[in-house]
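A short write-up of the structure that comes next.
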Amino acid sequence: DAGVIQSPRHEVTEMGQEVTLRCKPISGHDYLFWYRQTMMRGLELLIYFNNNVPIDDSGMPEDRFSAKMPNASFSTLKIQPSEPRDSAVYFCASRTRDRGIDYGYTFGSGTRLTVV
Amino acid sequence: SQKIEQNSEALNIQEGKTATLTCNYTNYSPAYLQWYRQDPGRGPVFLLLIRENEKEKRKERLKVTFDTTLKQSLFHITASQPADSATYLCALESINDMRFGAGTRLTVKP
């Protein structure tokens, strides 16, 4: 398996523009998570899905942020309009439902977003 | 409020020694505690998971302990190598809410 795949790796955009981040989880994983990492706040959970259904979006900072998972192999995180304070690395992670084999979460390589 | 603290921001040790990293938490009852390694520019990589009813778990040169009374986990790397240099994150998970500590940056000097 190629692991969790995120695109783009880097995104530079102007304030006010719409940004869409993409994620392909590992095939067969039931859960998908979006995290944001900054120096100040570390890794923060934004939202997670179970079987494509959003379960908890309490970490989404504002209404400018939205996430979708139209099918088991694809998810998007959208920011509209973007602001400089959204600059961070955004990670997608997935995991299997079966914890019996001690699996943790598998993270993608992240998207580094810079809003100027 | 829930808090996860990793003992130090940075830890420097000599090659061959044992590195010990600490993770303390408050106002949390995790079902699982996990440790991850993160290299610059990369996503966290899963290392070990320990359950609330387990005291210790080992994997090759890695050992994790979990004391739910003290609300503390210790993460040991024995016979450390320069290639072990990275940031190590502890994460507490309960019913799919997984929160991370700020991490400890470990540097192993040859």
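Chain A is the first sequence line, chain B the second, and so forth, proteins listed ahead of strands; every chain is numbered from 1. In this text, all values refer to a predicted model and were calculated from it rather than measured experimentally.
Neither the backbone nor the side chain of B:Leu47 comes within less than 4.5 Å of any heavy atom in chain A. Interface residue A:Gln37: only side-chain heavy atoms are found under 4.5 Å from chain B. There is no contact between A:Arg41 and chain B, counting heavy-atom distances below 4.5 Å.
Remark: side-chain polar atoms of B:Thr65 are not paired, donor with acceptor, to backbone N or O of B:Glu56 under 3.5 angstrom.
Between A:Phe33 and A:Tyr31, the angle of the ring planes stays under 30°, which puts this pair in the parallel group of the 30/60° scheme.
Aromatic ring centres of B:Tyr36 and A:Phe107 lie closer together than 6.0 Å.
Taking the ring pair (Phe, Tyr, Trp, His ring centres under 6.0 Å) definition, one finds that B:Tyr88 meets it with B:Phe75, sequence neighbours left out.
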